[in-house]
**Q** 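First the structure, then my questions, so here it is.
Any value given below was found using the heavy atoms of this structure, including those in side chains, with hydrogens, waters and symmetry copies removed. Counting convention: from 1, in listed order, for ligands and their atoms alike.
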Amino acid sequence: MNISVVGSGYVGLTTALMFCELGYHVICVDKDTQKLETLRKGFIPIYEPGLEDLLKKYLAKGTIKFTKVIGKAVEEADVIYITVGTPSTFEGSSDLTFVKEVAQSIGHYQNAYKIVVNKSTVPVGTGEKVKEWIIDSQKHSFPVDIVSNPEFLGEGTALYDAMHPDRIIIGSDSASAATIIKNLFHKIKCPKLITNLRTAELVKYTANAFLAMKISFINEISRLCDAYGVDVNDVSLGIGKDQRIGPAFLKAGIGWGGSCFPKDIASLIYMTKEVNLEPKILKAVQDVNTEQISYYINQLEHRAEGVKGKTISILGVAFKPDTDDIREAPAIKVINMLQEKGATVKVYDPIALKHVQQLWTDVLFCSSVEEALRESDCLFLLTEWQEFLQLDWHQIYPLMRTPLIIDGRNILDYKSLQETGFSYYGVGRVSSR
Ligand code: UGA
């Protein structure tokens, strides 16, 4: 069974390397010549733990290949995965330009029966459109089946998530195609759910929306905790022990960002409105997330007695640890808001700084935590990188002008920080009163 993967971003590369691990030969396609060169040399252009080692291993073994020529990848494959981007449009819908381009190329170069699998996150009903686009572009008539096999990979843990999924969803209106795709994963032990095409497409959005809802929910509760002097981390622990609720995605903080939740929730809201329904919970999930940043900034202003003329040090710009992805990262909004309010902003991140350096000319980018905190009036932690959890706070204390810590991830041990002399604020922590 030969597999082609069209689109060599983080989902495409992880998918391709997962299939190599499962013993298949994979051809990866991308339009970006420079990226292809980098990949052929064994380097991964994004920061994603584990991928580079596997890439080197399978390049050496000859079971992964990279090409710009989609025709070759279509002709040689039995199964073609589409893993291209589906960015948000201005109104919140998903832009399917790249998916359509790939579908048309598949039709154009089709030389036999193919199974085309959508792994890109696409609005409900897109699988049917993909089939139309393929058939409309065929030079000769060949059968084609479409499958939706959504991804549930988290950035930073993509490879592990691909190899150890909680479930695999395979949606198709063709029972035989669904079975072929299901069998590709026979070495992975987990529930495999076969659905129709549209159901699989909606499962993907619903999963992300539900996870974002859990975070927004606990963030709303965290404000209540602030008001009543309750520790939200204990509330999360208390409710998370209930098996019907579960402990995951109940960490209160600055809110969710990234390339998936914001885009997917906007797209689901759009889909809901398209069929004249009202996205009440989805809208609230979005609103609470936006407000959480303002809530934090208000707390900071209150505790620092205003930020105008003050130096605020941001630790972490990536939207979460173990990735260099800064898309929709809360840090970007925080930095903009602090600058508007007249603060001087210093920033440090162990990996992601290179992606934000071109965003501002008047932000001070630092090459170490110490440099970022020297003469600072406030440390604002926005990404829970391991490095920040291991800091020697006794050494940090004398560096800062004002020993104020705003913990945007509720991760630091406030008792020992307070003993060291810091003022600490984390959302909904008893320390904050
Ligand atoms: C998310 C989903 O978790 C994946 O299952 C999905 O495949 C992926 O989107 C996608 O659609 O491609 P990801 O965006 O990598 O993965 O990141 P998450 O770990 O879900 O975190 C999202 C945001 O929520 C981050 O900003 C994180 O800091 C925040 N978060 C997460 C919290 O604020 N609290 C939590 O308890 C958990």
**Q** Which atoms of ligand 1 sit under 4.0 Å from any heavy atom of C260?
**A** 8 (C), 9 (O), 10 (C), 11 (O), 12 (O), 14 (O)
**Q** Looking only at distance, does W256 have an N or O less than 3.5 Å from an N or O of ligand 1?
**A** no
**Q** Any idea which atoms of ligand 1 are less than 4.0 Å away from a heavy-atom of Y10?
**A** 12 (O)
**Q** Under a 3.5 Å threshold, yes or no: a donor from one side chain and an acceptor from the other, between Y10 and D325?
**A** no
**Q** Tell me whether the NZ or CZ atom of K56 lies within the 45° cone about the ring axis of F43 and under 6.0 Å from its centre.
**A** yes
**Q** Starting from atom 37 (C) of ligand 1, what is the nearest protein heavy atom, named by residue and atom, and what distance separates them?
**A** F249 CD2, 3.5 Å
**Q** Provide, to 0.1 Å, the distance between atom 13 (P) of ligand 1 and the closest protein heavy atom, together with that atom's residue and name.
**A** K320 NZ, 3.8 Å
**Q** For the 3.5 Å polar cut-off, considering only N or O atoms, please tell me whether E151 and ligand 1 meet it.
**A** yes
**Q** Backbone or side chain, does any N or O of I215 fall under 3.5 Å from an N or O of ligand 1?
**A** no
**Q** Once you measure the plane-to-plane angle for Y425 and Y296, does it fall in the parallel (<30°), tilted (30-60°) or perpendicular (>60°) bin?
**A** perpendicular
**Q** Looking at NZ of K65 and CG of L39, how far apart are the two atoms once the value is rounded to the nearest 0.5 Å?
**A** 15.0 Å
**Q** Applying a 4.0 Å heavy-atom criterion (strictly less than), which segment of N208 is in contact with ligand 1: side chain, backbone, both, or neither?
**A** side chain
**Q** Within a distance under 4.0 Å of any heavy atom of G154, pick out the atoms of ligand 1 and give their elements.
**A** 15 (O), 16 (O)
**Q** Could you label the plane-to-plane angle of the W393 and F422 rings as parallel, tilted or perpendicular, counting under 30° as parallel and over 60° as perpendicular?
**A** perpendicular
**Q** Heavy atom under 4.0 Å from ligand 1: found in L153's side chain, backbone, both, or neither?
**A** backbone
**Q** Please list, in number order, the atoms of ligand 1 under 4.0 Å from a heavy atom of K204.
**A** 6 (C), 7 (O), 10 (C), 11 (O), 12 (O)
**Q** When you check the gap from the basic side-chain N to the acidic O, do E37 and R40 get nearer than 4.0 Å?
**A** yes
**Q** Does G253 come within less than 4.0 angstrom of ligand 1, counting non-hydrogen atoms of the residue?
**A** no
**Q** At less than 4.0 angstrom from any non-hydrogen atom of R409, what atoms of ligand 1 do you find?
**A** 28 (O), 33 (O)
**Q** Do any nitrogen or oxygen atoms of E155 lie less than 3.5 angstrom from nitrogen or oxygen atoms of ligand 1?
**A** yes
**Q** What's the shortest distance from atom 1 (C) of ligand 1 to any protein heavy atom, and which residue and atom give it?
**A** F261 CE1, 3.5 Å
**Q** Between ligand 1 and K214, can you find any atom pair, the residue atom being a heavy atom, that is separated by under 4.0 Å?
**A** no
**Q** Are any of the side-chain nitrogens in K320 or E384 under 4.0 Å away from the carboxylate oxygens of its partner?
**A** no
**Q** Answer yes if the side chains of Y81 and E151 hold a donor-acceptor pair under 3.5 Å, and no otherwise.
**A** no
**Q** Take F210 and Y205, measure what ring pair (Phe, Tyr, Trp, His ring centres under 6.0 Å) needs, and give me the verdict at the end.
**A** CA-CA 8 Å; F210 195 86; Y205 282 102; over 10 Å; no
**Q** Establish, for the pair R429 and Y424, whether the NZ or CZ atom is under 6.0 angstrom from the six-membered ring centre and no further than 45 degrees off its axis.
**A** no
**Q** Any atoms of ligand 1 less than 4.0 Å from a non-hydrogen atom of L250? List them with their elements.
**A** 36 (O)
**Q** Salt bridge between E101 and K31, side-chain N to carboxylate O under 4.0 Å?
**A** yes
